[in-house]
Q: 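Starting off with a structure, shown below.
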Amino acid sequence: MSEKIIDLAGTIDPVDFYGPANANFDYLAGKFPELKIVARGGTMKLFGSEEQIARFENRFGQLIQYYGRYGHLSREVLDQIFDTPVHARPAAAIKTSGTGETGHAADDDAIVYGNNGNVIRARTANQRKLVELYGKNDLLFAVGPAGSGKTYTAIALAVRALKNKEVKRIILTRPAVEAGEKLGFLPGDMKEKLDPYLQPLYDALNDMIPPKKLQDYMAEGIVQIAPLAYMRGRTLDNAFVILDEAQNTILSQIKMFLTRMGRNAKFIVTGDITQIDLPVKNDSGLMPAIGMLRGIEGIAVVEFDRKDIVRHDLVKHIVQAFEKSQEDIGKSKMIKKLHQ
């Protein structure tokens, strides 16, 4: 049997860690029945196999990392940390005594831990900028090319806010504008017609929330995915709301959406102005709305570009080729006008 002492000093407030009436401590001890864990003030003694002690230390390191970033713990956070596979999670630095060893440094770019231990992190400069500005603004616009992680990063922020109990629900919405296929020609009722169109939002959520819990959240209305038209008349309090594909909204639709903002709400609007599916592209209200609202305190704009694309390397070249083609067409039209 091995023994390990973990010193809580300088890492976490023992009162927060142990919880009311030692509820957190008893809960964690129940997760490791093979270990004997003895708490004495600011230290814990672990008695058990080296494998079990190492497993506890890894999870405890993640707990310290979370506490260091957000300053509080909840039962949901403990579930997230202690119920996901350990092999894919980097250990945060923890202060221990006995062997003198420490874990790895905390991942400063981590937003939330997804399913199977995956770390959802900001991977580019503008993704990090979106995360940073989220803490200072209640409304953000994120515009840029396909594959730059605009929506995925926004959804990760929403999931983190829900898990941290900063908001009570997540609402994801898109305008029901077809990209080359008429909804009326698709089989099924309205939900069945719209679900495939909203599938990218489901895909992101499925990366970050366990399937059973996501089903429960959706059944309870904690997570809602709906076309933009369903937002009319609602007041969205205590909610994290994301409008995706906003380039396919007209100005009055964006106004309708933004004026749904209620108390303690966070709104993120994402879009790609190079992929407008409206019959008349100039009807898109995304850029006019940004132009009107830019500079207002509490509103921020993040402009993504090709350097933020995190899909297959070829996507960057594809986007660049299409941009160049549009520029050439624009120049050609200008030359024709000059010669008329």
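What's counted below: heavy atoms across the whole structure, side chains too, no hydrogens, waters or symmetry copies.
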Q: Check step by step if side-chain contact (heavy atoms from CB on, under 4.5 Å) holds for F47 and V38.
A: CA-CA 8 Å; F47 302 91; V38 180; 4.1 Å; yes
Q: Measure from the side-chain N and O atoms of D305 to the backbone N and O of K307, and report whether any donor-acceptor pair falls under 3.5 Å.
A: yes
Q: Would the distance check show the side chain of N238 and the main-chain N or O of K168 forming a donor-acceptor pair, the cut-off being under 3.5 Å?
A: no
Q: Got more than 12 heavy atoms from elsewhere within 6.0 Å of CD, E3?
A: yes
Q: With a cut-off of 6.0 Å (strictly less than), are more than 12 heavy atoms of other residues, nucleotides or ligands near CD1 of I273?
A: no
Q: Verify, without hydrogens or angle tests, whether E245 (side chain) and R174 (backbone) share a donor-acceptor contact under 3.5 angstrom.
A: no
Q: Side chains of Y230 and Q224: closer than 4.5 Å at any heavy-atom pair?
A: no
Q: Hey, is CD on E220 packed in by over 12 heavy atoms from elsewhere, all under 6.0 Å?
A: yes
Q: So V112 and K163, do their side chains get closer than 4.5 Å, heavy atoms only?
A: yes
Q: Is any side-chain heavy atom of M208 closer than 4.5 Å to one of Y152?
A: yes
Q: If you measure from CD1 on I209 to CD on Q215, what distance do you get to the nearest 0.5 Å?
A: 12.0 Å
Q: For the CG atom of L172 and the CG atom of L201, what is their distance to the nearest 0.5 Å?
A: 5.5 Å
Q: For A226, does its backbone N or O pair with a side-chain atom of T173 as donor and acceptor, under 3.5 Å?
A: yes
Q: What are the two closest heavy atoms between R234 and I171, and how far apart are they?
A: NH2-CD1, 4.0 Å
Q: Is the closest side-chain heavy-atom distance between F304 and Q127 below 4.5 Å?
A: yes
Q: Strictly distance-based, threshold 3.5 Å: is any side-chain N or O of D237 a donor or acceptor partner for the main-chain N or O of R263?
A: yes
Q: Would you say I12 and L63 make side-chain contact, with heavy atoms under 4.5 Å?
A: yes
Q: Can you see which heavy atom on I53 is nearest to which on S2, and at what distance?
A: CD1-O, 3.7 Å
Q: Does T259 use its side chain to pair, donor to acceptor, with the backbone of M256 at less than 3.5 Å?
A: yes
Q: Please determine whether side-chain contact (heavy atoms from CB on, under 4.5 Å) holds for the pair L205 and Y217, giving the CA-CA distance in whole Å, both sets of side-chain angles, and the decisive distance to 0.1 Å.
A: CA-CA 11 Å; L205 287 171; Y217 280 164; over 6 Å; no
Q: Of all heavy-atom pairs between L8 and Y18, which one has the smallest distance, and what is that distance?
A: CD1-OH, 3.7 Å
Q: To the closest 0.5 Å, what do you measure between OG1 (T153) and CG (L130)?
A: 6.0 Å
Q: Atom CG of L140 and atom NZ of K129: how far apart are they, to the nearest 0.5 Å?
A: 10.5 Å
Q: Would you say E303's side chain and F141's backbone share a donor-acceptor pair under 3.5 angstrom?
A: no
Q: Once rounded to the nearest 0.5 Å, what's the spacing between atom NZ of K31 and atom CD1 of I37?
A: 12.5 Å
Q: Do T249 side-chain atoms and G285 backbone N/O form a donor-acceptor pair below 3.5 Å?
A: no
Q: Can you name the closest pair of heavy atoms from V143 and L286 and give their distance?
A: CG1-CD2, 3.8 Å
Q: Flag yes if M261 and I296 sit in one hydrophobic cluster, no otherwise; membership is Ile, Leu, Val, Met, Phe, Trp, Tyr, and two members link when side-chain heavy atoms are under 4.5 Å apart.
A: yes
Q: If we only count heavy atoms from C-beta on, is the L258 to V269 side-chain gap below 4.5 Å?
A: yes
Q: Report the C-alpha separation of F25 and M44 in whole Å, then their side-chain angles, then the decisive distance to 0.1 Å, and conclude whether the side-chain contact (heavy atoms from CB on, under 4.5 Å) test is met.
A: CA-CA 10 Å; F25 177 81; M44 284 191 304; 4.0 Å; yes
Q: Quick check: closest heavy atoms across R128 and A122, and the distance to 0.1 Å?
A: CG-CB, 3.5 Å
Q: Ignoring hydrogens, what is the shortest heavy-atom contact between P145 and R306? Give both atom names and the distance.
A: CG-N, 4.1 Å
Q: Should the pair F240 and Y134 be assigned to parallel (<30°), tilted (30 to 60°) or perpendicular (>60°) ring geometry?
A: parallel
Q: Give the intermediate values and the outcome of side-chain contact (heavy atoms from CB on, under 4.5 Å) for residues I6 and F56.
A: CA-CA 11 Å; I6 296 181; F56 182 91; 4.0 Å; yes
Q: Is there a donor-acceptor pair under 3.5 Å between the side chain of N137 and the backbone N or O of L139?
A: no
Q: Taking atom CD1 of I225 and atom CD of Q199, what is their separation to the nearest 0.5 Å?
A: 8.5 Å
Q: Determine whether a donor-acceptor pair (N or O, by modelled atom type, separation under 3.5 Å) exists between the side chain of R59 and the backbone of R55.
A: no
Q: Is the closest side-chain donor-acceptor distance between D308 and T124 under 3.5 Å?
A: yes
Q: Is there side-chain contact between Q275 and Q247, with heavy atoms separated by less than 4.5 Å?
A: yes
Q: Side chains of N248 and I276, heavy atoms from C-beta outward: is any pair under 4.5 Å?
A: yes
